[in-house]
Structure formats: C-alpha cells, structure tokens
Protein chains: 2
Amino acid sequence: MATLAEVAKHAGVSPSTVSYVLSGKRSISDSTRVRVQAAIDALGYHPNAGARALASSKSHIVALVVPLRTDLYVPVMMQIAIAVTTTARQYGHDVLLITNDEGPEGVRRVAGSGLADGVILMDVELEDERVEVLRRHGTRASLIGLPADPAGLSCVDLDFAAAGATAADHLADLGHHEIAFIGQSEGVYRRHTGFAERTLAGFQERCQTRGLRAVHRPCDASFEGAAGVLARIFEDRPDTTGLVVQNEAMIAPLLGLLRSSGRTVPEEVSIVAIGPDEPVAVQTSPRLTTIPVPAQELGRQAVEMLLGPDAGNSGVTLLPPTLSVRESTAPAPGR
Amino acid sequence: MATLAEVAKHAGVSPSTVSYVLSGKRSISDSTRVRVQAAIDALGYHPNAGARALASSKSHIVALVVPLRTDLYVPVMMQIAIAVTTTARQYGHDVLLITNDEGPEGVRRVAGSGLADGVILMDVELEDERVEVLRRHGTRASLIGLPADPAGLSCVDLDFAAAGATAADHLADLGHHEIAFIGQSEGVYRRHTGFAERTLAGFQERCQTRGLRAVHRPCDASFEGAAGVLARIFEDRPDTTGLVVQNEAMIAPLLGLLRSSGRTVPEEVSIVAIGPDEPVAVQTSPRLTTIPVPAQELGRQAVEMLLGPDAGNSGVTLLPPTLSVRESTAPAPGR
DNA sequence: TTGTATGCGTTATCAT
DNA sequence: ATGATAACGCATACAA
C-alpha cells in the first residue's frame, strides 16, 4: 500500500502538497496538481482510513442502528438502510450497521471510540435509552421516529397522525360509516411504539369529527391472526364497510380471507393500507389504495440532518402523508 | 475523550501497560490490572478506533456488499445482513454496508483504504468484476453465492441444484407427472445469476431421471406477470398438477389466482416454494411446502470463513437443502 | 503557491 | 512483570 509520503516523493513535492491536492483545502498550481495526480495513479494510492481518522478526528462513518425485530415490516428497513447508505456516500461517508441486540451499549461503543461521527437511530421508542446515551455523549445524531422528548434532537418521520386522519377522511368522503382499524400486533402497542400510537390517535380523532364508528383491532402477523381479527370485526359489527390496515404483512392474507368469505373489494368492503408502497400494494388484486411510508425519503432526510448543509439544527420534521387512490376503495355500498 | 496515556497516568503505570491490559497480550500482575481497570472506569475510557487501526493496521471492520436490486427478495438480504452483523460482533468486528451502486469501485475503496479487513459479497454473479478486484488486491473475502471460477475463494451457498432436484423428487414421489417451474424474472436468467441457473438445472435433470414433463417459466414480479404465466401454463399443459416456485414475491398473487380460477391447493395443484421461510410461507393458506433458503446460516458461515478459527481456507461450502412439507403438496389427483 | 514540523492515540519492539 | 519509545499515515498550523 503506497503512502502519501511515497506519492510525494514520486511527484517531487512535499507530503503536505499531496494532502492538499486531495483535500482541496488550499490552491494548487495546475502543473503540480497534474504531477501529483499522475503519481497517485501510478502508485495506485488510496489514503489510509485509520490514519485519516486519527489525524482529523473524523471517521467519515455514520452508524445506522437497526432493529432486529421481525414484527415490523422488513422491506421498509431495507429501503431506509439503502437510502441512508447512498445518501451518506454523497457526503463522502460510509455506513456502519449496528443491530439493536447490543442495546444502548452499541451506541456507546461507536460513539465513544470515535468509530462513527454520527448515529442514525431507527425504530425509536418513546422512552429510548439509546437517546439518553447520545445526549450524554454529545454525539451528533438523527432519529427516524419520535421519542417522547425530542428536545435538542433531529428527528424525521412520517406524520402518522395525519396519515391516520387521511385514511379516515378518505373513507368518510366515500360515504362509509362503520370502519375498522387493523393494526400491528399487540406487543407493538404495549411497547408504546410511537408511530402506531400516533396513527391510531389521528385516526380515531378524525373518525369522531367525521361521525364515523370505528374500532381498533391489533393483529398478529399470522394467518390465524388475520382470520380471527376479521371474523371478530364482522361479527361485532356486520355493517362494517371500511378497513384501514397498518400491518403490511397481513395485507395478502386479509385479501384472501375477504375473497373466500365472499366479500368483494371494493364493492362491499373498502381497504386503505398504511405502509410500504413498493412490494405489496401493487402486487395485489385489486391494487391497494395506500398511504405510503416514504422509506427512501426518511433515510435521505436522516442523513441530510446529520451531514447536510444545515446539519446541527435540531428539530422535528414530519413528512406530510400522501394518499394513492387505487382500486381497493369505492363508495360505500347502497349509496 | 480520555486517552490511553491519561489512563496510564491516572493508574500510575506506563502507557504500554494499559495497552497490554486491554489486549491481554502479555501477563499482568493482578494488582496493576485492577488499578488500570479502575482508572479506565473512572475516566470512562474508550480506545480510539482510528488510532488503533493505524497502529495495528487492522480496522476490525468487515464490509458487506449488498445489491440494491428490487427483483430479488428483500427479507433474505436483511436476514443475511443481520446474521452477518451479529456474528461479526462475536469476533469483535463491525460491519460496513456497501451498496452495489458503487460497483467494483466500492470494493476497491474499502479494501484499498484499509477501511475494512475483509469483504463479504452478496448476490455474486458468475463473472463478477468485484471478485477480480478482490483477487488483485489480495483482500480477504468470502462470497455468498458462486462465481464461475471459485478458485482461491471462500464461498458459501445453498446447494440450489440439489434444491431443484429435491423439489422435483417430492412431486414425483407424490405421483405428479406434468409440472411447471415458475422462476425469477427473465433479467435474472439473462444476467446468468448463478443460483437461478443452478436450481433450474438441478430441477430439469431430476425431472428427466424421474420421467416428469416439466416446463420453465420466468415470471416478473407483478400481478400481471403471475397471471400471465399461470394462464399460459394451464393453456399449454392443462394436465399440470405441480408447481415449483422460486419467486417469493409471487407466492401470494399465485395463490390468489389459483383460488379465483377454481383450482384448489393441494387437491388439484401442488406447490413447492424455494425461498425464504419466515415471512411468506407460514402466513399463507394453505401453508406452503418449502425448501427454505437458510439466510441466517449463510450470513453466519460467510463471517466464519472470514474471521473464524480456520479462516483463510478457501473452498466452496454448499449447504444441503431441506424440505419442509406443509399443506401445499399432496398426491396427484386421480391416484 | 509550496515546504516543514508536529501531533493524533495506539501498538509493538526493545529494554530492564 | 513493566517501561520507554519508535513507528503507523495523515492533517494542519506555521513558515517561507
């Protein structure tokens, strides 16, 4: 591995000149720049990451902390992770993957060792130990999701409350009166996962203002779970004509169950899905009306908050939900 | 940030002693070890990653190169990524995420800069430029998947040929005669993606020995794709009673289509799925008979080959397929 | 516009 | 069993 010093010798300049050619932090005459560049190419020089990190006390690495739970939908995480990685590259940074089985200790480790310049937290909980570690440590961080107290932090998330409200509105506009919210598994609510609670709150509030009768049913990620929930809904409230589903894994089973129970979508039952657009919504029949979670945008903005032009400005960014009307929603029957 | 030198002063020992307490590379009297440890705790010392990497020329980081294509099933990658990360941690390593949009250059970057000690390649193609970069560079690497020439490389993969054969066997054992293989999208085969070709080859060969009539149909990841393929299969060969599906995203649509076209599973049509077990197979109705891709095991072994006790031994590890018989396969009708 | 010299925090070699 | 100290490769403040 060639070193900067060797490049300098080869080009007949001083080491600092080579360094400045690389960093562009001071002006270099064209002639020497060319010579240096030639030497770099000739020797196949690559700056040593460790040395660079030591000298500049910047690792050019951001840590991405991902949950390893299986009860939240995986493609969203993957999309976020990829968006984070590609965006970080645009700022000359790499991404270190930290799984949450290390807990807060993982965050302490990467922050304390200077391994990462900044940390991105996914799947933030309302009271999150990792956030405390970051605060104490003074590490630059950005969160995807909202903790109970976001003071001094950079956070970005979908405005799930608005998403819930939008779903209710859409069904109300179509003349539905009895609707049901099929949510995540109970554990998610028990952990007080922010996004789930906010969606539900926004949904319920809007149902009230619009005069809709609504029920909430958590749903385990299994065929039985879906079957049980669905049966219960139509037993308790046979006149239910609208479903809001925030449980992407259950979309396919749900559609199958509705079909085999003889309820047509959207003629008899309308469905609005809150979740990832990509894999599921467009592969179903009928195609789903959705309020997509903008995974890519979340990842991008998280990095932007960390490394972008006005990094350091703490604050909460709530992305407005969008409604993609497809084929799974229609006017309520008998209207 | 406390430094090693400060810890040394605080403990009244020399810097090297502290270093050796940390690394355990030479014997230390209990008394000083305790004093040093106390100083470490008192100052909240964490070794600086950059300095450590510079001095030891080991970053304790492995790079994981993930594809960003959307036509291969995402959960498998996520499972592999997580397995890689947790296993790497057991060896005291972290994982750097590299997306394949950087191409071979990304590999060159992390290897050349010493950012990573080793590289794990996912979604390896038969002729893979990245492999050449690694070879030239002499970087330690392990591949998940098989290149055309694996000489000198550590590779691990599911034995997809055996998997294809196992699927054929299972259907043959059940008395099926006309069967169809629903594969990945055409692009995957055009790129000569190893696993797809090997599965198909193993399948076709075994069909021949067992006297089965078989057709292969690539399938795009869309509802229309599934519908078209299915229609074509039953038009060309109305007596088809067995389906082998290696396209996890299409499982749900396929089941839906079969149901709405009045073909019952498994009474009239049997289905064997080759793909991830977790999310899809157990959420369907009926539950799918599968030959699972052991994502976790693949990730674990890839790390093991890189960092484990006998790392450096190049060689190809083909994991034997397993067959999970569930509810989607039954004896051929009329037997 | 370019060169010189020092320091970054560890590891590891050589002493003792 | 422990201490001194020279690398490690680069960035940057200071000179010229």
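Chain letters run A, B, ... following the sequence lines, proteins first, then strands; residues in each count from 1.
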* Asked: Which heavy-atom pair separates A:Val36 from A:Ala11 by the least distance, and what is that distance?
  -> CA-CB, 4.0 Å
* Asked: Do B:Arg191 and B:Glu125 have side-chain heavy atoms sitting under 4.5 Å apart?
  -> yes
* With sugar-phosphate meaning primed atoms plus P, OP1 and OP2, does B:Gly114 contact a base, only sugar-phosphate, or nothing at under 4.0 Å between heavy atoms? -> nothing
* Asked: B:Ile28 CD1 to D:dG3 P: how many Å, rounded?
  -> 9 Å
* To do: Send over the distance from A:Ile40 CD1 to D:dG9 C1', rounded to a whole Å.
  => 14 Å
* Identify the two heavy atoms, one from A:Pro67 and one from A:Met122, that lie closest to each other, and give their separation to 0.1 Å. => CD-CB, 4.1 Å
* Structure fact -> Closest of C:dC8, C:dT2, C:dT10 to the A:Thr32 side chain is C:dT2
* Contact under 4.0 Å: B:Thr17 side-chain N or O vs D:dG3 OP1/OP2 -> yes
* Take the protein atom CG of B:Asn48 and the nucleotide atom P of D:dG9, then report the distance between them rounded to whole Å. => 17 Å
* About how many Å separate CD1 of A:Ile82 and CE of A:Met77, when rounded to the nearest 0.5 Å? -> 13.5 Å
Taking N or O atoms only and anything under 3.5 Å, show me the protein contacts with nucleotides 12-16 of chain D, one pair per line.
{"unit_1": "D:dT12", "atom_1": "OP2", "unit_2": "A:Lys25", "atom_2": "NZ", "d": "3.1"}

* Asked: NA contact type, A:Leu22, heavy-atom cut-off 4.0 Å: base, sugar-phosphate, or nothing?
  -> nothing
* To do: Determine the minimum heavy-atom distance between B:Arg35 and B:Gly12, stating which atoms define it.
  => NH2-O, 3.8 Å
* Give a yes/no on whether any side-chain N or O of A:Thr3 is located under 4.0 angstrom from OP1 or OP2 of D:dG9. => no
* Structure fact -> When rounded to whole Å, the CG to C1' distance for the pair B:Leu54 and D:dA7 reads 9 Å
* Could you say whether A:Arg33 or B:Gly50 is positioned toward the 5' end of DNA chain C, judged by the nucleotide with the nearest heavy atom to each? => A:Arg33
* Rounded off to whole Å, could you give me the CG-to-P distance for the A:Leu43 and D:dC10 pair? => 12 Å
* Asked: Do any side-chain nitrogens or oxygens of B:Arg52 fall under 4.0 Å of OP1 or OP2 in C:dT11?
  -> yes
* Asked: Are any side-chain N or O atoms of B:Thr85 and backbone N or O atoms of A:Thr99, one a donor and one an acceptor, separated by less than 3.5 Å?
  -> no
* Structure fact -> Ranking A:Leu4 and B:Ser14 by the position along DNA chain D of their nearest nucleotide, the one closer to 5' is B:Ser14
* So what does A:Val13 touch, heavy atoms closer than 4.0 Å: a base, only the sugar-phosphate, or nothing? -> sugar-phosphate
* **Residue of the set B:Arg136, B:Arg135, B:Arg130 for which salt bridge (Lys or Arg N to Asp or Glu O under 4.0 Å) holds with B:Glu132** => B:Arg135
